[in-house]
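Structure record follows, encoded as structure tokens.
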Amino acid sequence: MPSAAPYIVALTSLKGGVGKSTLAVNLAGALSVRGKTALIDADAAIQTSRGWLERGSLPIIPLLEGQELPAGLRYLVVDTEGRPAVGDMSDLTRSANVVLVPTAPNSVEVEATARLLGQLAQAGGNMEKVRVVITKAPPVGSVGQAARDELRAAGFQVCETVIRRYTAHERAHEQGTLVKDAVDPRSENAWSDILGLTVEVC
Ligand SMILES: Nc1ncnc2c1ncn2[C@@H]1O[C@H](COP(=O)(O)OP(=O)(O)O)[C@@H](O)[C@H]1O
Ligand SMILES: [Mg+2]
């Protein structure tokens, strides 16, 4: 019997440094508990998530772009290059099941994301699959929630979960672990955000 196609989660953003690779690795780690999970690092220039997997021993299969998918794959996470062309993003909305667009909760990024998504809609992207996720939000106060609500008011789908800014995420990258296993006092808080997002998108 041929195995079913994997559920594909792609991450993309107009700017670099918003937390795409951080989310890609941790989301893949959370999904790997449910079934065989692979991660494609399509950011050829930087290769953050590939390097992360190489440093650690995570239960995530690293794949190259275009490489044949292993049999029985249940989830495929795609960490794309920053500053995508609108046409490439539009293609992603066809090939992936969900396209996550991480955005930090400041006016520069919120405006840039709103512009990007506006262009994507005009280019015929399947907006049903696109979800903004607010990242690097201050753990105290409601700046993240406010940015989420502003983008929702502008008509975009935005994940309920706000990913908070914790040093644990940086530690996890350094240590080649998932954030839940990072040696850091806030690793559990950071992981609870990842689990919330995982439930929402898959
Ligand atoms: N939620 C977060 N809290 C704290 N630091 C974060 C968070 N997400 C990402 N970072 C840090 O921000 C930097 C860029 O993150 P990265 O995931 O590589 O972004 P991108 O893939 O979008 O370029 C890294 O130093 C990373 O550790
Ligand atoms: Mg990256």
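One-based numbering, in listed order, for ligands and for the atoms of each. Just so you know, residue 1 is the first one in the sequence shown, and it goes up from there.
If you check the side chains of Thr113 and Thr103, you find a donor sitting under 3.5 Å from an acceptor.
Glu81 and Lys20 are not joined by a salt bridge, as no carboxylate oxygen comes within less than 4.0 angstrom of a charged side-chain nitrogen. With respect to the salt-bridge test (charged N to carboxylate O, under 4.0 angstrom), the residues Lys15 and Glu109 qualify. Between Glu174 and Arg55 there is no salt bridge, since no side-chain N of the basic residue sits under 4.0 Å from a carboxylate O of the acidic one.
Neither the backbone nor the side chain of Lys15 comes within contact range of ligand 1; no heavy atom lies under 4.0 Å. Proximity of His173 to ligand 1, defined as any heavy-atom pair under 4.0 Å, is not found for any part of the residue. Of the heavy atoms in Ile163, only side-chain atoms (C-beta onward) come closer than 4.0 Å to ligand 1.
For the atom pair CG of Leu92 and CG of Leu100, the computed distance is 11.0 Å after rounding to the nearest 0.5 Å. In this structure, OG on Ser21 lies 13.0 Å from CZ on Arg50, to the nearest 0.5 angstrom. Going from atom CG of Leu116 over to atom CZ of Phe156 covers 9.0 Å, rounded to the nearest 0.5 Å. For the atom pair CG of Asp193 and OH of Tyr166, the computed distance is 6.5 Å after rounding to the nearest 0.5 Å.
Residue Asp79 has no nitrogen or oxygen atom sitting less than 3.5 Å from a nitrogen or oxygen atom of ligand 1, judged on distance alone. Not one N or O of Ser13 is nearer than 3.5 Å to an N or O of ligand 1, by distance alone. Close N/O approach between Ser21 and ligand 1 is found [any backbone or side-chain N/O within under 3.5 Å]. At least one N or O atom of Tyr166 sits closer than 3.5 Å to an N or O atom of ligand 1. Annotation: Gly17 places an N or O atom under 3.5 Å from an N or O atom of ligand 1; distance criterion only.
Residues Val133 and Thr161 form no side-chain contact, since every pair of their non-hydrogen atoms from C-beta on lies 4.5 Å or further apart.
Each of the following atoms of ligand 1 lies closer than 4.0 Å to a heavy atom of Gly16: 23 (O). When each atom of ligand 1 is checked for a heavy atom of Arg164 under 4.0 Å away, the hits are 1 (N), 2 (C), 3 (N).
For the ligand labelled ligand 1, residue Val18 lies inside the 4.0 Å heavy-atom shell.
In this structure, atom 19 (O) of ligand 1 lies nearest to the protein heavy atom Gly19 N, 3.0 Å. Among protein heavy atoms, the minimum distance from atom 15 (O) of ligand 1 is reached at Thr22 OG1, 3.7 Å.
For atom 12 (O) of ligand 1, the nearest non-hydrogen atom from the set Glu170, Lys136, His169 comes from Lys136.
Distance alone, capped at 3.5 Å, is enough to place a donor-acceptor pair between the Arg164 side chain and the Asn189 backbone. Side chain of Thr93 to main chain of Ser90: a donor-acceptor pair is present (N/O by atom type, distance under 3.5 Å, no hydrogens or angles). Asn126 places no side-chain N or O within donor-acceptor distance of the main-chain N or O of Arg94, the cut-off being under 3.5 Å.
Under the 4.0 angstrom criterion, atom 9 (C) of ligand 1 counts as having a protein heavy-atom contact.
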Requested in this report: List the steps and the verdict of side-chain hydrogen bond (donor to acceptor under 3.5 Å, both in side chains) for Tyr75 and Arg34.
Outcome: CA-CA 9 Å; Tyr75 297 104; Arg34 302 191 200 169; 3.2 Å; yes

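Neighbouring protein atoms of the Mg ion (ligand 2) (N, O or S, distance under 2.8 Å, waters ignored): Ser21 OG.
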